[in-house]
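Taking it in order: structure first as structure tokens, then the write-up.
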There are 4 protein chains.
Amino acid sequence: MAPLNEDQLENIRNERKIQIMRAAIKVFATHGFKLTKISLIAKEAGISHGLVYHYFKSKEEVLYDSLEWAMELNETRKFLTELSEMAISPVEKLHKFTKFALSSSLSTSSDIFRIIQHLEHTEGVPDHLLEFTKNVGMMYVEFFIPIFIEGQKAGEIIQEDPEVLVGIFLTIISGVMADDPGWWQENMDHKIAIYLRMLTTR
Amino acid sequence: MAPLNEDQLENIRNERKIQIMRAAIKVFATHGFKLTKISLIAKEAGISHGLVYHYFKSKEEVLYDSLEWAMELNETRKFLTELSEMAISPVEKLHKFTKFALSSSLSTSSDIFRIIQHLEHTEGVPDHLLEFTKNVGMMYVEFFIPIFIEGQKAGEIIQEDPEVLVGIFLTIISGVMADDPGWWQENMDHKIAIYLRMLTTR
Amino acid sequence: MAPLNEDQLENIRNERKIQIMRAAIKVFATHGFKLTKISLIAKEAGISHGLVYHYFKSKEEVLYDSLEWAMELNETRKFLTELSEMAISPVEKLHKFTKFALSSSLSTSSDIFRIIQHLEHTEGVPDHLLEFTKNVGMMYVEFFIPIFIEGQKAGEIIQEDPEVLVGIFLTIISGVMADDPGWWQENMDHKIAIYLRMLTTR
Amino acid sequence: MAPLNEDQLENIRNERKIQIMRAAIKVFATHGFKLTKISLIAKEAGISHGLVYHYFKSKEEVLYDSLEWAMELNETRKFLTELSEMAISPVEKLHKFTKFALSSSLSTSSDIFRIIQHLEHTEGVPDHLLEFTKNVGMMYVEFFIPIFIEGQKAGEIIQEDPEVLVGIFLTIISGVMADDPGWWQENMDHKIAIYLRMLTTR
DNA sequence: TATGAATGAGAATTCATTCAT
DNA sequence: TATGAATGAATTCTCATTCAT
């Protein structure tokens, strides 16, 4: 067999990396940074722990690269894009988003959420990671502000400072996702409807 | 010189123990069980790490005793009692409670909340601690159910299964307290008012 | 470069384990369980203390596995088998055994003896270890009873309850091995001959 | 009441010291030096652990002083003196001594034995303690040599180098005392009689 | 003289990281 | 690229010793 050419090698390398990062995201989300053992990531990825250090310099780099990678292919971002293009009312958009956030507890996107929340409450997080988390938060806010304004224009959403409303809307979702998403799984639509009453006119 | 008499010793012992437990609650709330270092509790309490083991058998006992102690003097419990006796409407009670929960972020009561949430999401927590956390949760639910029913009778609160309403009300507060209480400090009354709209009739 | 193949790894692993167990037996024999420091075993084995935990879960497991391993290759057991097949008189067998036991003071077999005695006089030894020690003791008794009976039939050994005789014979050897085997090295045959007079007719 | 005079104070002081030393001998005999906790001695003596340090500089001094004290009032020494004055045959003396040694397992004298044996097998024992142990050993040897010679003259004891015989006699007793005195308690006279057969003519 | 509170050195164990193969 | 052997820093817990009262 001819030796693999560089591109192919690069591909293999990338796939290995992705395999590790996918595992890392999952494990970091469950245990947080400090309590995540490299050996657990390795096990989850089905490789030896030594190999992790061929692709990443340190545990911290595993985290950082994994987050970056996860954000790039982020389903949430995709979901937001799709959402923005849907022909439904603003409040229906909020409903859909909330449902997505709470029900996707097993997907990468909620894992990212959880990791970022961990980081925000952790001391000694390196600057570039902190900045990263801020940016992610900002992305959401900037996405929802126009939707809220639109909702207010349509008379669906109450007349309050949109930033405050988005803030309430997102901190609560974020808190709930981190705290007890399980509770919401049953009768989710109904519960979300109640939840959104705080924002809607009648 | 005569040794200290029994009362004096008892006092020192009690005060030291409380001093340690107060520190422990704070540190456990910040870092969770596993990541809390005894040395940090000791530092926070201003004593040597060895002394902690003079008063407690193990890190786990520090946690358990501290939680028990904190629950006994629990401001939340006291607050609930006072609240139940106030001559205000049910919704106003919910408002007051929410405000108390979110504003007391620097006090012991929110620390307890946070610790218990940590424990609930942690594997390998010993049974007696798990039971403890369940009981605390139950206490809140049982306190609020009657208030919601009363509110529904008065036409202030929407006609939904009270258990579901209490569930939403408490999971959100709990999640928010654990996640980002800081955000709520500014303009708290206003934000709470919006928050409660999800429960209230118009 | 290719990683080591499975056989090579298995070899390294086994050799290291044996290297550690050999060191452990020696150190446990000298200091007993509690006072044996893992760091000392590691030093004796020429490795870092961390590596011990790569091969064993805990100090207790080091002890247990080492004993098990030592018993399997146990020279004493081998010696007993050989002894039983020798064409010599029962009393000569006792002589040979005693000599073996006392002269092998620097070998693994007396170390095992010593460790087991330590364990028998120690509180809080886990059950599986206790059982282990009992079995070893029983093995010896069961081996010697027939030899004593044979000696009695041949008129070489005095007519007393064989169990009592074996008991005296073994407790003394065991005590002496643990206490002061050095004293016996000089003129051993002569001393043993005197020792055995307590059992023999004339 | 008049204050106690100096002699009385000295007496109290001495009694306290003795109370501690008595406890210490017992505990050291059971656990050996390193594993003996000062707190356990204190408990056994019914005092606080702090008080031990009023009477002794260190754990080591507790051991040394206790041994010295125990040797001075030593029942064994007394027993030896009495024994030497008894109007019985040398072999009967050996029998009586053996019985005393093995049956006094609950008395101070066997505790001393055990402690000394511990020390002999322990590294890093300070010189003055080592010397002490040697002297004790010598005392026994010197006491028994004449008895053996007398026994040989009387034709009761076999014609061998008395030093060797005393050596065998004492190392075995010492070993057995340390190892498993319990086994001998039942039918002791009978067992001792067998034991002494190794020394006696027929 | 007496107590037990307080300290800190030392030992078991875990785990990120490096390295030989 | 891949493995897991090897190291050592960090953390929990114990206990001799000191000290305030």
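Predicted model only: the values in this text are computed from it and were never measured. Sequence lines set the chain letters: A, B, ... in the order given, protein chains first and strands last, and positions in each chain run from 1.
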Check your understanding: Heavy-atom count around D:K37 NZ within 6.0 Å, excluding the residue itself: above 12?
Key -> no
Point to revise | Atom pair distance, as rounded to whole Å: NZ in A:K37 and C1' in E:dC15 | key: 8 Å
**Study point:** Nearest-angstrom distance from the residue atom NZ of D:K43 to C1' of E:dT3
**Key:** 17 Å
Practice item. Check the pair C:M71, C:F132 against side-chain contact (heavy atoms from CB on, under 4.5 Å), reporting the backbone distance first and the verdict last. Key: CA-CA 10 Å; C:M71 281 308 292; C:F132 188 90; 3.3 Å; yes
Review point. Counting just side-chain N and O atoms, does C:Y53 come under 4.0 Å of either OP1 or OP2 of E:dT14?
Key: no
**Study point:** Residue mapping more 5' on DNA chain F - nearest nucleotide basis, C:V52 or B:E60
**Key:** C:V52
Practice item. Flag this pair as yes if the NZ/CZ of A:K59 is under 6.0 angstrom from the six-membered ring centre of A:Y64 and inside a 45 degree cone about the axis; otherwise no. Key: no
Practice item. Using distance alone, with no hydrogens and no angle criterion, decide if C:Q19 and C:R16 have a side-chain donor and acceptor under 3.5 Å apart. Key: yes
Check your understanding: According to a strict under-4.0 Å criterion, is B:Y55 in side-chain N/O contact with OP1 or OP2 of E:dA6?
Key -> yes
Point to revise | For atom CD1 of B:I38 and atom P of F:dT14, their distance in whole Å | key: 11 Å
Study note, to complete from the structure: Against the side chain of C:R13, the closest entry in F:dC13, F:dT1, F:dA5 is F:dA5
Exercise for review: Kindly indicate whether the side chain of D:H49 and the base of E:dA5 share any N or O donor-acceptor pair separated by less than 3.5 Å?
Suggested key: yes
Exercise for review: Ignoring hydrogens and angles, answer whether the base of E:dA6 and the side-chain atoms of B:H54 contain a donor-acceptor pair closer than 3.5 Å.
Suggested key: no
Review point. E:dT18 pairs with which nucleotide, Watson-Crick or G-U wobble, both distances below 3.5 Å?
Key: F:dA5
Point to revise | Earlier contact from the 5' end, DNA chain F, for B:T36 and A:L51 | key: A:L51
Review point. Do the side-chain N or O atoms of C:R16 get closer than 4.0 angstrom to the phosphate oxygens (OP1, OP2) of F:dA6?
Key: yes
Review point. What's the CG-C1' distance between B:N11 and E:dG4, to the nearest Å?
Key: 15 Å
Check your understanding: Are any non-hydrogen side-chain atoms of D:T122 and D:F33 less than 4.5 angstrom apart?
Key -> no
**Study point:** D:F28 CZ - F:dA16 C1' separation (whole Å)
**Key:** 12 Å
Check your understanding: Taking atom P of F:dC13 as reference, at what distance in whole Å does atom CZ of B:F56 sit?
Key -> 13 Å
Check your understanding: Please give, in whole Å, the distance from E:dT7 C1' to B:I47 CD1?
Key -> 11 Å
Practice item. Nearest whole angstrom, please: distance from the P of E:dT13 to the NZ of B:K34. Key: 15 Å
